[in-house]
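Only heavy atoms go into these numbers, but all of them, side chains included; no hydrogens, no water, no symmetry mates. None of these values were measured; they are calculated from a predicted model. Order of the sequence lines sets the chain letters (A, B, ...), proteins ahead of strands, with each chain counted from 1.
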There are 2 protein chains.
Amino acid sequence: MSKGRHQCGKLGSDHIGQVVHLKGWVQRRRDLGQLIFLDVRDHSGIVQTVCSPEINETALQEAEKMRNEYVVSLSGTVVAREPENVSTKLVTGAIEVHVHEMTLINAAKSLPFQIEANTDASEDVRLHHRYIDLRRPDMQTVFALRHRVTKVMRDFLDRDGFLEIETPMLTKSTPEGARDYLVPSRVHPGSFYALPQSPQMFKQLLMVAGFEKYFQVVRCFRDEDLRADRQPEFTQIDIETSFSSTEEILVMTESMMKLLLKETHALTLAESFPRMTYAEAMDRYGSDKPDTRFAMELVELGEVVADTTFQVFTRALEAGGIVKGLTLAGGADKLSRKEIDALAEFVKPYGAKGLAWLKVTEEGIAGPIAKFFDEDQTKALLTAMGAKPSDLLLFAADKSQIVYDALGALRLKLAKQFGLIDETKFNFLWVVDFPLVEYDAGAKRYVALHHPFTRPKAEDEHLMETAPEKVRAEAYDLVLNGYELGGGSQRIYERELQTRMFQLLGFSEEEAKEAFGFLLEAFEYGAPPHGGIALGLDRIVMLLAGKTNLRDVIAFPKTASASDLLMDAPNEVALAQLLDLHVSVQTK
Amino acid sequence: MSKGRHQCGKLGSDHIGQVVHLKGWVQRRRDLGQLIFLDVRDHSGIVQTVCSPEINETALQEAEKMRNEYVVSLSGTVVAREPENVSTKLVTGAIEVHVHEMTLINAAKSLPFQIEANTDASEDVRLHHRYIDLRRPDMQTVFALRHRVTKVMRDFLDRDGFLEIETPMLTKSTPEGARDYLVPSRVHPGSFYALPQSPQMFKQLLMVAGFEKYFQVVRCFRDEDLRADRQPEFTQIDIETSFSSTEEILVMTESMMKLLLKETHALTLAESFPRMTYAEAMDRYGSDKPDTRFAMELVELGEVVADTTFQVFTRALEAGGIVKGLTLAGGADKLSRKEIDALAEFVKPYGAKGLAWLKVTEEGIAGPIAKFFDEDQTKALLTAMGAKPSDLLLFAADKSQIVYDALGALRLKLAKQFGLIDETKFNFLWVVDFPLVEYDAGAKRYVALHHPFTRPKAEDEHLMETAPEKVRAEAYDLVLNGYELGGGSQRIYERELQTRMFQLLGFSEEEAKEAFGFLLEAFEYGAPPHGGIALGLDRIVMLLAGKTNLRDVIAFPKTASASDLLMDAPNEVALAQLLDLHVSVQTK
């Protein structure tokens, strides 16, 4: 923004003949003796500059000292390149800057890796030197996109009358949910704040406070073991409204996501996002966040295989389980016996004891279990699975959850392996009608599938005490290309219903009051019906940027062990600090 | 946002004859037997509704059950009020809604305090029931303003090419600065994250990463003892740019603040913000954040009193101290002897041993120290202090810092007490040329006045080792009406200069490397010149909202003991949580 400073990447034929002042980094230096080319880079882009004795002897001498990533200041005249030297690689390739004056601002050591679009440096090295990694054009683009995404969503919500209201980061540890990050209190010895897993309580209280339309782009924290699509701190577009129907919330969210695609990818999504019940998503895709960019759906085979002599199938059905299959088109030719065996290993972590398979031939079926199917059964099977010669059929038979998990994961794996996914697609999907609770065999009690403030569907409310697992929630998840972008629900706003919910989750009256008494009390002072949604900003940006790792869209991410390699955090602190906080370290 | 729902506060003569659907809270109920008036409130405002047997018998019966703050849904017809019933108190006072249908959505107990513009409920009660407190129209206005302020600043920075980039909340505890909030790590036993006091390190690293123009509206944390204008967590507009001069940063910030005043108060500030050196601010106002909405400046009296026989003055001067005075116009009539003595008590906490005073009379001066002044000295004194008969003159004589602190505080106190402040003014001021360091007698070393990354002024850099207290920093604070809105500086970007700064602050080489090695290393890979500013959002909103307490502009603030009274945080947590985090509580 320096006055009179020009942007490297914005120079072009319009500037020919003008004297320009540039500040930036040496991207590349080519020394031809009495002629030195320096490509100079700033935030806007790159331009070629030229130093020679004919232009300016002193500047040439200065240019001799320059190395990659030195910070320089220069003045020069924009000159059209000779036709044969015009470069199409650079936006500024039609011109170059003849340098009259050059000053070194700051030198640079040899970089641990080069500033290139595709680096082969290890991620650890990149994270340790994140300030170099972030200079790569790819990363500059990602963070410009992230800024834009947030801006578009904020502007949308502002236009729609939402107020952004900030909620505390130093708050209270409550049961139900992931593990909290805790913060010891200095003023209250033995007491702790918790960092918020989401502003759920606060946004509901804001509804009780009459704000009606709240949003916040807000940092949230979960002390969980990490995966590529999880970070200990993440950013959420948190939305809550009063007096709005589920339909209104879904339509509003759709409009916002469509605007986002239009603004960032010039893509117009005309259709409404499809909606699918949780039950249907599990049945067809074995997942509550199905990737619908490709078919290869799970096929229900209960009836088809019930009369076969294959006991793995029939016993699973007799035990109340299910049998489902996947058809991998052309898979019989693509996969060797050994590779098929590897797929059986792949599904084991999901609890599947094995993976039955068949190859489809011109004659019918072949493979270890072909003998258990008679002609009619074979015909029924091939019809059900839409199978053609040279297809590979894969089967799982077990309790339904195991079959869903195993085949759901296998479906994704095979789709990636065989390039079945159209990567240009943005397939949004609403998954609705989630179960309100699920039984946790470990804890021997019901736990909320979303959270304890989610409203049961009105027509199922009467089942809360008698058949809790049958109660559906007034909840919805937004899925994009197989990723859960976020979810929400209508909330409970009556003290009595909330109390029933806590009872269902096994809270004593005292426990409920201790943990959530403030909310129960708030519901007695005129709480409006309310609901909302929370969307994961990091995941949205990751998908819009075409990345597969959250770390590529977070400026200073943590590693899988929740470390910041750049700053070396977490680290040991002074004993005096701990004394102030009334805590001590307990290590074994 | 419910379809077909109307906004209470938006109804007017245009709607006469229309059927409207309203949802909201019962603000007030007047029961005249067969005629019930319910004022219904939603986020947009209040409208009067009428139930009577002539309109609808069932609705009237329903209305009989309603009480204040019940949540209701109703349908009715908008009708013009009789001319004699038109109310000018309500925006919607020209009409009323004749109710055909009314449904109770949720009941409410009697409120602990009423929803009124000015409540006399204690702050503890208000904070405990914050969701009720926030319903007050005044609070609704504050948070709409806060949203708008943030939006205006974000839009301004976006237009100016700044990218908002998020930085971590779980970061590293470093020395120099306030006390950190710490977060024990589960994965790394005995290690701790710190919550950021500001994203200072990260924003500098983003400059090294070539982003050039960064901003963030970001939560920051300081575990300090609290005052009315401090909260343990606060929000900062954090800005950093590369290659920009101080002049450019000040002008950019001014443009942003002017836009803010225009957008929120329709106020056009034509002039540039005045600038004052730190030395001048202390000399004239005894403060580095002077309230310039009124004069009553500190008068330098060293020469005037040097030859008097009043030893309190002359000895202070001989010891290298200063003598300064304040003129309270008309104060001789306003303050009794007892009240003047109370002022002497008031300045004691600032280290002042006493407060000398004189009353100006038609004849000259009167009071305990009048006898020490001869005629010429009296004349010189009255001239220097611009004094007129019936003015009160107040004096402090001590080390300069004590005189500044005592008279600076006294100046503000008297101005408030005697209504000298024009509350309609928005007096911005830049204070520049702060000292780089000050000597901390307790720690027996120099400490940074801003922070250790602040750049010394180029012309003073050579004094860093020989006369550190004389080195001025390339730093600036933005002051509004006596509040520091924020501050910034040009930063050090050379490893060698940063190392000298750490040496000046008494860091060993090893300590500097341990705490800030990553920054020193980053400066070796092509760090550009950079600088920025951080503005306190809470304070800006407080001043724009005409409030004097930060808690009135934070939705869920903490008390002076850093407690959240609503949620009851911080609180005790389960032992299992602490075991997971490898810490235990140590209380005496």
Which portion of B/Thr174 sits near chain A, non-hydrogen atoms under 4.5 angstrom: neither

Interchain contact, A/Leu195 with chain B, by part (heavy-atom threshold 4.5 Å): side chain

Tell me, for A/Leu578 versus chain B, whether the close heavy atoms (under 4.5 Å) come from the side chain, the backbone, both or neither. side chain

Under 4.5 Å from any heavy atom of chain B, what part of A/Val183 do you find: side chain, backbone, both or neither? both

Which bit of B/Ile165 comes within less than 4.5 Å of chain A, counting heavy atoms only: side chain, backbone, both or neither? side chain

Charged N-O contact under 4.0 Å between A/Arg146 and B/Glu164: no

Side chain, backbone, both or neither: which part of A/Thr150 has a non-hydrogen atom closer than 4.5 Å to chain B? neither

Backbone N/O of B/Val208 and side chain of A/Arg135: donor-acceptor pair under 3.5 Å: yes

Side-chain touch A/Ser73/B/Phe243, heavy atoms, less than 4.5 angstrom: no

When you look at B/Arg186 and A/Asp180, which way does the salt bridge (charged side-chain N to carboxylate O under 4.0 Å, His left out) test go after all the steps? CA-CA 10 Å; B/Arg186 176 177 57 89; A/Asp180 282 323; over 6 Å; no

Residue A/Phe215 versus chain B: region with a heavy atom under 4.5 Å: side chain

Flag the pair A/Lys172 and B/Asp564 as a salt bridge only when some basic side-chain nitrogen lies within less than 4.0 angstrom of an acidic carboxylate oxygen. no

Counting heavy-atom pairs under 4.5 Å with chain B, the top scorer among A/Ala194, A/Gly526, A/Pro189 is A/Gly526

Under 4.5 Å to a heavy atom of chain A? For B/Gln216 that would be side chain

For chain A, find which of B/His147, B/His129, B/His128, B/Arg179 contributes the most heavy-atom pairs closer than 4.5 angstrom. B/His147

Atom group of B/Leu182 that falls short of 4.5 Å from chain A, counting heavy atoms: both

Rounded distance (nearest 0.5 Å) linking atom CG of B/Leu134 with atom CG of A/Leu205: 9.0 Å

Side chains of A/Gln577 and B/Ser173: any donor to acceptor distance under 3.5 Å? yes

Looking at A/Val187, A/Leu111, A/Asn106, which one has more heavy-atom pairs under 4.5 Å with chain B than the rest? A/Asn106

Region of A/Asp42 in contact with chain B, defined by heavy-atom distances below 4.5 Å: both

Take B/Lys213 and A/His43 through the test side-chain contact (heavy atoms from CB on, under 4.5 Å) and record every step on the way to the result. CA-CA 9 Å; B/Lys213 287 178 158 195; A/His43 182 64; over 6 Å; no

Give the member of A/Ala555, A/Gly161, A/Gly190 that has the highest number of heavy-atom pairs under 4.5 Å with chain B. A/Gly190

Is it the case that atom CD in B/Glu514 sees more than 12 heavy atoms from other parts of the structure closer than 6.0 Å? no

Turns out that what part of A/Leu581 lies under 4.5 Å from chain B's heavy atoms comes down to side chain

Taking atom OG1 of B/Thr167 and atom CZ of A/Phe556, what is their separation to the nearest 0.5 Å? 7.5 Å

Classify the ring geometry of B/Phe143 against A/Phe211: parallel below 30°, tilted from 30° to 60°, perpendicular beyond 60°. perpendicular

Per-residue contact mode, A/Ala527 against chain B (heavy atom under 4.5 angstrom): both

Decide, yes or no, whether a salt bridge links A/Glu521 with B/Lys109 under the criterion of side-chain N to carboxylate O below 4.0 Å. no

The interface call for A/Asp133 against chain B, heavy-atom contacts under 4.5 Å, is neither

For each of B/Glu69, B/Met207, B/Met169, B/Glu572, tally heavy-atom pairs with chain A at distances under 4.5 Å, and name the one with the top tally. B/Met169

Has the side chain of A/Glu212 got a donor or acceptor atom that lies under 3.5 Å from a matching backbone atom of B/Gly24? no

Contacting region of A/Leu566 [heavy-atom separation from chain B under 4.5 Å]: both

Out of A/Lys151, A/Arg41, A/Glu494, A/Lys558, return the one with the most heavy atom pairs under 4.5 angstrom to chain B. A/Lys151

Cut-off 4.5 Å, heavy atoms of chain B, and the answer for A/Phe516 is neither

Rounded to the nearest 0.5 Å, what's the gap from CE on B/Met567 to CZ on A/Phe518? Could you check? 4.0 Å

Go through A/Gly210, A/Pro529, A/Ala209 and name the one with the most non-hydrogen pairs under 4.5 angstrom from chain B. A/Ala209

Kindly assign one of parallel, tilted or perpendicular to the pair A/Tyr193 and B/Tyr181, based on the angle between their ring planes and the thresholds 30° and 60°. perpendicular

Between A/Asp158 and B/Arg148, is the closest basic N to carboxylate O distance under 4.0 Å? no

Could you walk me through whether B/Gln586 and A/Ser584 pass side-chain hydrogen bond (donor to acceptor under 3.5 Å, both in side chains), step by step? CA-CA 6 Å; B/Gln586 298 285 309; A/Ser584 66; 3.0 Å; yes

Greatest number of non-hydrogen atom pairs under 4.5 angstrom with chain A, of B/Ala569, B/Ala562, B/Ser191, falls to B/Ser191

Side chain, backbone, both or neither: which part of B/Leu537 has a non-hydrogen atom closer than 4.5 Å to chain A? side chain

Tell me whether the rings of B/Tyr131 and A/Tyr525 are parallel (<30°), tilted (30 to 60°) or perpendicular (>60°). tilted

Cut-off 4.5 Å, heavy atoms of chain A, and the answer for B/Phe192 is both

Might you work through the side-chain contact (heavy atoms from CB on, under 4.5 Å) test for B/Glu166 and A/Ile554, ending with a clear yes or no? CA-CA 8 Å; B/Glu166 295 182 71; A/Ile554 294 173; over 6 Å; no

What residue in A/Asp223, A/Val585, A/Thr171, A/Val573 has the most heavy-atom pairs under 4.5 Å with chain B? A/Asp223

Max heavy-atom pair count under 4.5 Å with chain A, selected residue of B/Ile105, B/Val71, B/Leu170, B/Asp155: B/Leu170

Side chain, backbone, both or neither of A/Leu163 within contact of chain B (heavy atoms, under 4.5 Å): both

Toward chain B, the part of A/His188 with a non-hydrogen atom under 4.5 Å: side chain

Side chain / backbone / both / neither for A/Leu145 at chain B, heavy atoms under 4.5 Å: neither

Closest non-hydrogen atom pair between A/Arg219 and B/Pro168, with its separation: NH1-CA, 3.7 Å

